Asks: 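Got a structure for you, written out below as C-alpha cells; questions coming shortly.
The shown structure was predicted, so the numbers you read here are calculated from the model rather than taken from an experiment. We count residues from 1, following the sequence as given.
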Amino acid sequence: MYIFKKISLEPFALNDFKLKKNSLLGEAKVPGDKSMSQRAVIIGLASIGQTVIKGILDSEDVYYTLKAAEALGAKVDINKNKKTLTIKGVGLGNFKSPKKPIYMGNSGTGTRLLIGLVAGSNATVTFYGDESLSNRPMDRIINPLKKMGANFVFSEEKKLPITVIGARKKGITMPIKYKSPVASAQIKSAIIFAGLTARGATEIQEPNKSRNYTEVMLKKCGVEINSKISKKYINTVTVNGTSYLKNCSFNIPSDPSSALFIVVACLITKGSKVKVKNILYDNMRLKVFKILTKMGGMIKINKTSIDTCEITARYSVLKNINLHKNETTALIDEFPALSIAAACGKGKMIMRGLGELRYKESDRFKSISEGLRDAGVQVNTFNDDMEIIGTRKVLGGNTIFAQNDHRIAMSFNLLSLFSEKPIRVIGNESIMTSFPDFFSTLKLLKKWIR
C-alpha cells in the first residue's frame, strides 16, 4: 500500500514496543509534506498534460489518493529509481464515473478534497473508508457543495460512504459566497476545487487563516485566486472559475509536522542534539517551533533555499506559556506533539480554541486530555480550552489506544522517552499513514550515542 516501496511494521514497531530513555544524536530525515503531496496528486488529476511530482510522501494516505486519481481517469507512471511520479491528468470536470466505490483508507484530506473536485464535475462517484474515516463528519463540506449544484447520497449522519453526483451532470457549477463556521483548510479547499468549474467567482470566508497550500499550488497552475485578511483576522478567499489547469511540476519538501515529533523527542530527552534537513519553509507551519522556542527550547531554523530550511534542536528545560485562540488555527495538527512538550515542561500551559481537534482522525481533544491524565499529568478542560500542568516527573506506565490516529500514536510514544515507566501504545500501525519510518528514524538516531 505504498508508492515506491513495500513498508511493513518491523518487530520493534509493534504495539509492545516502548521507546527507551536514550539520547538522540545525529541527522534525521523525515518524509515529504503530507498536505502538499495530497494536493499535488489531486491537481495532477485535474490538469491538462503531465504533472511531475518529486519528494512525495510515500505513505498509505497518499497511496489511496493516488489510486483514487487513477480510478477517476488519471494515468500514473512511477519511477522507483528516481522516486518521481508522473501524472497525466484528464482536465477539470471530465472524470470517469468508476464502476466500483473508491476506498480512501484513513485519508480525510484526500477524501474531502476529492469530493469537492468531483462535486464540480460531471461524474458520479462513491467514496468509502476505514472505520476511523467513516466516523468523521462530512456535513461541513456537503452543505456548501450542495449550494453549488452537487447532489449527494448519504446516511442520516452524513458520513462515509457517500455518493457524489457532480453539479455538471445535469447542470452547471454555481459560484457561491460561503461563510465557514471554522477555519479549516479541508473545507476551504473542497469549495475551491468545486469552484474551479463554476461560472464566476466563488468566495469563502473563514474566521482565521488556515493553511493555504491549495491556493499557492493552484496559482502555479494558472488559476486566478486571491486572499485577504481583515483586521479581525477574517480570511476571505476568492477563486475564479477556469476552463483548464495548466500542467506544472511539484518538488515536495519534508513535512514540518513530522519534523516536530523528532524535535520534541530531542527537547525532552537529556543529552540529545538533532538536525532535520530539507524542511518546508512556511511561516504558518513553522509557528510551532517558534512557540517551542518561547518555551525555552533551544531550536535554530536556518533557511537553505526559497522554500526549505534545516532545524537544529537540543535538549532543553521547557517553561510553559499561554496560547490564545487566534494562534491555534495554524497549530491544529501540531497540538498532540505540543501537548507532550507541555506535559514535560514547567508550569501551566493554557491552549484555547481547540474545538477542531474533536473532528480529526480521532477526538484528539479527548485522547490528549485523558491520555495525559492516565500518565499522571494534571489536565483541566473548559469547553474547547485545555490547561496542562507540566511536571518534571511523568509517571507513565499506562496504555494508550490510538484510535487509528497517527499523531496520537507518535505523541504518546514520545512521552515514554520522559516518563518514569514506559507507555504502551495500541495502534502503532496508524503511523504508516504519514510517517512510515518514524520508529526507524528514532532507532537510527540512537546509534549516534556517544
Asks: Report the C-alpha distance between N404 and D130 in whole Å, list the side-chain angles of each, state the deciding distance to 0.1 Å, and finish with yes or no for side chain to side chain donor-acceptor pair (under 3.5 Å).
Replies: CA-CA 9 Å; N404 293 314; D130 66 9; 5.4 Å; no
Asks: Which heavy atom of I299 sits nearest to which heavy atom of A313, and what is that distance?
Replies: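 Heavy atoms of I299 and A313 come nearest at CG1-CB, 4.2 Å.
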Asks: Measuring only between side-chain heavy atoms, which start at C-beta, is T441 closer than 4.5 Å to K29?
Replies: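 Side chain of T441 against side chain of K29, heavy atoms only: no contact under 4.5 Å found.
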Asks: Testing the basics here: between T308 and P253, what is the closest heavy-atom pair and its distance to 0.1 Å?
Replies: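 The answer is CG2-CB, 4.0 Å.
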Asks: Can you establish whether the number of heavy atoms outside K220 located under 6.0 Å from its atom NZ is more than 12?
Replies: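 Atom NZ in K220 is crowded, with more than 12 foreign heavy atoms closer than 6.0 Å.
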Asks: As a test of understanding, state which of K158, K159, E157 forms a side-chain hydrogen bond (donor to acceptor under 3.5 Å, both in side chains) with S155.
Replies: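 Going through K158, K159, E157 one by one, the side-chain hydrogen bond (donor to acceptor under 3.5 Å, both in side chains) with S155 is satisfied by E157 alone.
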Asks: Any donor-acceptor pair under 3.5 Å linking the side chain of T269 with the backbone of S272?
Replies: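 No.
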Asks: Does the pair T214 and R39 meet the rule for a side chain to side chain donor-acceptor pair (under 3.5 Å), with working shown?
Replies: CA-CA 7 Å; T214 299; R39 286 161 173 78; 2.7 Å; yes
Asks: Kindly indicate whether the side chain of F335, heavy atoms from C-beta on, has any atom under 4.5 Å from the side chain of M351.
Replies: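 Touching, per the 4.5 Å side-chain cut-off.
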Asks: Has D374 got a side-chain atom pairing as donor or acceptor with N398's backbone, closer than 3.5 angstrom?
Replies: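 Side chain of D374 to backbone of N398, a donor-acceptor pair under 3.5 Å: no, none is there.
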Asks: K34 and side-chain hydrogen bond (donor to acceptor under 3.5 Å, both in side chains): which partner among D255, T433, D61?
Replies: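 So the option named by the test is D61.
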Asks: For the side chain of S180 and the backbone of V182, is there at least one donor-acceptor N/O pair under 3.5 Å apart?
Replies: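 Flag set: sc S180 to bb V182 pair under 3.5 Å.
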Asks: With rounding to the nearest 0.5 angstrom, report the CD1 to CD1 distance, I388 to I368.
Replies: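 Going from CD1 on I388 over to CD1 on I368, the span is 7.0 Å.
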Asks: I need the minimum non-hydrogen distance between I423 and A375, along with the two atoms involved.
Replies: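 Residues I423 and A375, closest heavy atoms: CD1-CB, 4.3 Å.
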Asks: Quick one: does F250's side chain get under 4.5 Å of I56's, heavy atoms only?
Replies: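 The answer is no, as the side chains (C-beta and beyond) never meet within the 4.5 Å cut-off.
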Asks: Both conditions, 6.0 Å and 45 degrees, for the charged tip of R140 above the ring of Y359: are they met here?
Replies: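 Yes, R140 sits over the ring of Y359.
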Asks: Looking only at the side chains, is there a donor atom on one of S305 and D307 sitting less than 3.5 Å from an acceptor on the other?
Replies: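 Result is yes, a qualifying pair exists.
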Asks: Run the numbers on V118 and S121 for side-chain contact (heavy atoms from CB on, under 4.5 Å), then give the verdict.
Replies: CA-CA 5 Å; V118 172; S121 76; 3.9 Å; yes
Asks: Nearest 0.5 Å, please: how far is CD1 in I191 from CZ in R112?
Replies: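 If I round to the nearest 0.5 Å, the distance is 12.0 Å.
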Asks: Judged by atom type as modelled, is there a donor-acceptor pair below 3.5 Å linking the side chain of N320 to the main-chain atoms of A342?
Replies: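 Indeed, once roles are kept as given, a pair shorter than 3.5 Å links the two residues.
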Asks: Using 30° and 60° as the class boundaries, would you call the ring planes of F438 and F435 parallel, tilted or perpendicular?
Replies: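 The arrangement is perpendicular - the two ring planes meet at more than 60°.
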Asks: Quick check: closest heavy atoms across V276 and A259, and the distance to 0.1 Å?
Replies: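 Looking at all heavy atoms of both residues, the shortest contact is CG1-CB, 4.1 Å.
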Asks: Is it the case that T86 and Q50 place a side-chain donor and acceptor less than 3.5 Å from each other?
Replies: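 T86 vs Q50: no donor-acceptor pair found between side chains.
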Asks: With the threshold set at 4.0 Å, does a side-chain nitrogen-carboxylate oxygen contact exist between R211 and D333?
Replies: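 D333 and R211: salt-bridged.
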Asks: Between E370 and R373, is there a salt bridge with N-O shorter than 4.0 Å?
Replies: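 No, no charged N to carboxylate O under 4.0 Å.
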Asks: Let's go through V30 and F261 carefully: what are the C-alpha distance in whole Å and the side-chain angles of both, what is the deciding distance for side-chain contact (heavy atoms from CB on, under 4.5 Å) to 0.1 Å, and is it a yes or a no?
Replies: CA-CA 10 Å; V30 297; F261 290 101; over 6 Å; no
Asks: Of all the heavy-atom pairs spanning G49 and N247, show the shortest one and how long it is.
Replies: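 Taking every non-hydrogen atom into account, C-CB, 4.0 Å.
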Asks: side-chain contact (heavy atoms from CB on, under 4.5 Å) for S419 and F412? Distances and angles first, verdict last.
Replies: CA-CA 10 Å; S419 60; F412 281 96; over 6 Å; no
Asks: Within the structure provided, determine whether S184 and S210 are in side-chain contact (heavy-atom separation under 4.5 Å).
Replies: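 Side chain of S184 against side chain of S210, heavy atoms only: no contact under 4.5 Å found.
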Asks: Which of these, T111, T126, L72, sits in a side-chain contact (heavy atoms from CB on, under 4.5 Å) with I102?
Replies: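 Of the listed residues T111, T126, L72, the side-chain contact (heavy atoms from CB on, under 4.5 Å) partner of I102 is L72.
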Asks: Counting distance only, does the side-chain N/O of S369 pair as donor-acceptor with the main-chain N or O of K366 below 3.5 Å?
Replies: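 Here the side-chain-to-backbone pair exists.
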Asks: When you measure from the side chain of S411 to the backbone N and O of A337, does any donor-acceptor pair fall under 3.5 Å?
Replies: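 It does hold such a pair.
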Asks: Can you find a pair of side-chain heavy atoms, one from F418 and one from R392, that are under 4.5 Å apart?
Replies: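 A side-chain contact under 4.5 Å exists here.
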Asks: For a 4.5 angstrom cut-off between non-hydrogen side-chain atoms, does V223 reach I192?
Replies: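 A side-chain contact under 4.5 Å is absent here.
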Asks: Please determine whether a side-chain nitrogen of the Lys or Arg among D384 and K325 lies less than 4.0 Å from a carboxylate oxygen of the Asp or Glu.
Replies: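 Here D384 does not pair with K325 in a salt bridge, since their nearest N and O are not under 4.0 Å apart.
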Asks: Are L442 and I262 close enough that some pair of their side-chain heavy atoms sits under 4.5 Å apart?
Replies: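 A side-chain contact exists here, since the closest heavy-atom pair is under 4.5 Å.
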Asks: Can you find a heavy atom in the side chain of M410 that is under 4.5 Å from one in the side chain of S434?
Replies: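 When only atoms from C-beta onward are counted, S434 and M410 do touch, with a gap below 4.5 Å.
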Asks: Count the heavy atoms of every other residue, nucleotide or ligand shown that sit under 6.0 Å from NZ of K393, and state whether that count exceeds 12.
Replies: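 No, the 6.0 Å shell around NZ holds no more than 12 heavy atoms from other groups.
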Asks: Atom OH of Y281 and atom CG of N278: how far apart are they, to the nearest 0.5 Å?
Replies: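 With rounding to 0.5 Å, OH (Y281) is 15.0 Å from CG (N278).
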Asks: Measure across S257 and R407 and return the closest heavy-atom pair with its distance rounded to 0.1 Å.
Replies: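 So the two residues come closest at CB-NH1, 3.5 Å.
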Asks: How far apart are the C-alpha atoms of F95 and V125, what are their side-chain angles, what is the distance that settles it, and do they pass the side-chain contact (heavy atoms from CB on, under 4.5 Å) test?
Replies: CA-CA 10 Å; F95 312 126; V125 185; over 6 Å; no
Asks: For the CD1 atom of I400 and the CG atom of L415, what is their distance to the nearest 0.5 Å?
Replies: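 If I round to the nearest 0.5 Å, the distance is 8.0 Å.
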Asks: Flag the pair E334 and K287 as a salt bridge only when some basic side-chain nitrogen lies within less than 4.0 angstrom of an acidic carboxylate oxygen.
Replies: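 K287 and E334: not salt-bridged.
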Asks: Tell me whether S316 contacts the main-chain N or O of R314 through its side chain, where contact means a donor paired with an acceptor under 3.5 Å.
Replies: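 Confirmed, S316 side chain pairs with R314 backbone.
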Asks: Under 6.0 Å from the NZ atom of K67, do we count more than 12 heavy atoms belonging to anything else shown?
Replies: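 Atom NZ in K67 is not packed in, count stays at 12 or less.
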Asks: Under the 3.5 angstrom rule, does the side chain of S339 hit a backbone N or O of P336 as a donor-acceptor pair?
Replies: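 Here the side-chain-to-backbone pair exists.
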Asks: Can you check whether N106's main-chain N or O pairs, donor with acceptor, with S132's side chain at less than 3.5 Å?
Replies: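 Checking the backbone N and O of N106 against the side chain of S132, no donor-acceptor pair under 3.5 Å is found.
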Asks: CG/L133 to OG/S107 distance, rounded to the nearest 0.5 angstrom?
Replies: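 Between atom CG of L133 and atom OG of S107 there are 7.5 Å.
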Asks: Ignoring hydrogens and angles, tell me if any N or O in the side chain of D282 forms a donor-acceptor pair with the backbone of R285 under 3.5 Å.
Replies: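 Between the backbone of R285 and the side chain of D282 there is a qualifying donor-acceptor contact (under 3.5 Å).
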Asks: Hey, could you give me the CD1/CD1 distance between I78 and I87, rounded to the nearest 0.5 Å?
Replies: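 Separation between the atoms: 9.5 Å.
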